[in-house]
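Below is one structure; the comments refer to it alone.
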Amino acid sequence: MRTNATLVINPKGGSGKTTVASNLASYFATQKLRTAMLDYDAQGSSLNWLRLRAPQHPRIHGANAAPQQPGQLRSLAMHVPEDTQQLVIDAPAGACGLLLQEMLTRAHCIIIPVAPSAIDIHATANFIRDLLLKGMIRSRNIRLAVVANRVRSSMPVYQPLERFLTSLNLPLLARLSDSDVFLKAAENGVGIFEMEFAASVAERQQFLPIAEWIETPQLIVESKVQRPLVQPLRSALRVVGSPTLSVPGFVRR
């Protein structure tokens, strides 16, 4: 049985990658799927969350893929059981170069959490541009989607983000509220799907489309992401309107 690997990544710190990764792993484990987390972050937030889990909760295997430390064998620390059905990869902030390439080699789909602020969206737009220009994304048909994270009730929709994603035919899967429920879950080593239903029903409804998107088999159809990317990215960058964004061969007018 093939392991389905989901990479949770954003170049900026504080975007809520570990929140999304831990709740994904928790969801899959509650569905009785053999689940593992691969933590590339030197801070080890996902591994720390796993250490907080009580024995009665569904087991989630933890593996450490952070840069090698003296006296440690990285290949052994990052071992994932062969029978794993769902692998959730928690990426560090600022991942690039060979480390990013290594994570992409493992991934079947990518989730990008982004806080709905202009600064975060500009940084994420640059990152999405770089991802889409990588041949590996197209050649391996890696799916990519975005999650608006830590959305405040005073700003439930951030339209520049939606326009940017629409112009590239990328889905905005969910809007996760800036809720204390996610924080309480993290502090207790559980996910929202392991909390009392009445206390987490709103957060479950927000999060469920992410898990369903990952579980849904990808239809082999032509999409804008699989077509030549320069023209769609030109349009997308006009939508975002950031002077820091550029695509090879594109001159802002």
Side-chain angles (χ1 to χ4, degrees), residues 4-31 33 35-41 43-50 52-53 58 60-63 65 86-95 100 103-104 106-117 120-121 123-124 127-128 131 142-152 158 161 165 170-195 200 202-216:
N4 184 61
T6 302
L7 173 61
V8 184
I9 188 169
N10 188 301
K12 282 188 92 280
S15 62
K17 294 183 292 292
T18 300
T19 296
V20 173
S22 59
N23 279 285
L24 270 178
S26 166
Y27 170 82
F28 292 134
T30 60
Q31 301 302 304
L33 297 172
T35 304
M37 297 189 75
L38 186 57
D39 194 347
Y40 273 84
D41 196 335
Q43 295 180 357
S45 298
S46 287
L47 295 178
N48 289 334
W49 174 78
L50 286 174
L52 294 173
R53 289 180 66 77
I60 300 172
H61 177 84
Q86 291 287 350
L87 173 64
V88 181
I89 304 171
D90 190 1
L100 176 59
M103 291 187 291
L104 291 177
R106 289 177 171 269
H108 299 105
C109 54
I110 298 173
I111 298 290
I112 302 177
V114 55
S117 72
D120 286 83
I121 287 177
T124 302
F127 180 65
I128 291 175
L131 278 181
I142 300 175
R143 296 189 292 154
L144 190 153
V146 173
V147 172
N149 199 19
R150 297 174 177 169
V151 177
R152 299 185 300 275
Y158 197 79
L161 174 62
L165 297 175
L170 297 176
L172 178 62
L173 292 180
R175 298 174 181 83
L176 304 182
S177 62
D178 189 15
S179 167
D180 288 342
V181 173
F182 289 107
L183 180 59
K184 291 176 181 177
E187 291 174 345
N188 290 282
V190 298
I192 56 174
F193 294 95
E194 296 171 300
M195 300 178 72
S200 60
E203 289 74 17
R204 291 179 187 223
Q205 291 173 346
Q206 295 168 14
F207 199 93
L208 194 57
I210 306 173
E212 291 177 339
W213 180 80
I214 293 171
E215 291 182 312
T216 302

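Heads up: numbering here begins at 1 and tracks the sequence. Atoms considered below: every heavy atom in the structure, side chains included; atoms not considered: hydrogens, waters and symmetry mates.
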Q | Heavy-atom pair of closest approach, residues Pro113 and Val8 | A | CG-CG1, 3.8 Å

Q: Quick one: which residue pairs count as a side chain to side chain donor-acceptor pair (under 3.5 Å) with a foot in residues 183-193, not counting sequence neighbours?
A: none

Q. Between the side chain of Asn23 and the main-chain N/O of Ile192, is any donor-acceptor distance below 3.5 Å?
A. yes

Q | Residue of the set Gln206, Arg150, Glu203 for which side chain to side chain contact (heavy atoms under 4.5 Å, CB included) holds with Leu176 | A | Gln206

Q | Residue list, salt bridge (charged side-chain N to carboxylate O under 4.0 Å, His left out) with Asp41, at least two apart or on another chain | A | none

(Q) Under the rule for ring-ring contact (aromatic ring centres under 6.0 Å, His included), what residues qualify as partners of Tyr40, not counting sequence neighbours? (A) none

Q: With sequence neighbours excluded, tell me which residues meet side chain to side chain donor-acceptor pair (under 3.5 Å) with Asn48.
A: Arg51

Q: Side-chain contact test, heavy atoms from C-beta onward, threshold under 4.5 Å: evaluate it for Thr18 versus Asp39 and give yes or no.
A: no

Q. So do the side chains of Ile89 and Ile9 get within less than 4.5 Å of each other, counting heavy atoms only?
A. no

Q: Might you point out which heavy atoms bring Asn149 and Gly16 nearest each other, and give the distance in Å?
A: ND2-CA, 3.2 Å

**Q.** Aromatic ring pairing Phe182/Phe207, orientation class (parallel under 30°, perpendicular over 60°, tilted between)
**A.** tilted

Q: Quick one: pull up CD1 in Ile112 and CG in Leu144 and give me the separation to the nearest 0.5 Å.
A: 4.0 Å

Q. Do Trp49 and Ile60 have side-chain heavy atoms sitting under 4.5 Å apart?
A. yes

Q. Taking only residues two or more places apart in sequence or in another chain, which ones pass side chain to side chain donor-acceptor pair (under 3.5 Å) with Thr124?
A. Asn10

Q.
Between Lys17 and Ile111 (side chain of the first, backbone of the second, donor and acceptor by atom type, cut-off under 3.5 Å), is there such a pair?
A. no

Q. What pairs with Arg53 under salt bridge (charged side-chain N to carboxylate O under 4.0 Å, His left out), at least two apart in sequence or on another chain?
A. Glu194

Q. More than 12 non-hydrogen atoms from neighbouring residues, nucleotides or ligands closer than 6.0 Å to CD on Gln43, yes or no?
A. no

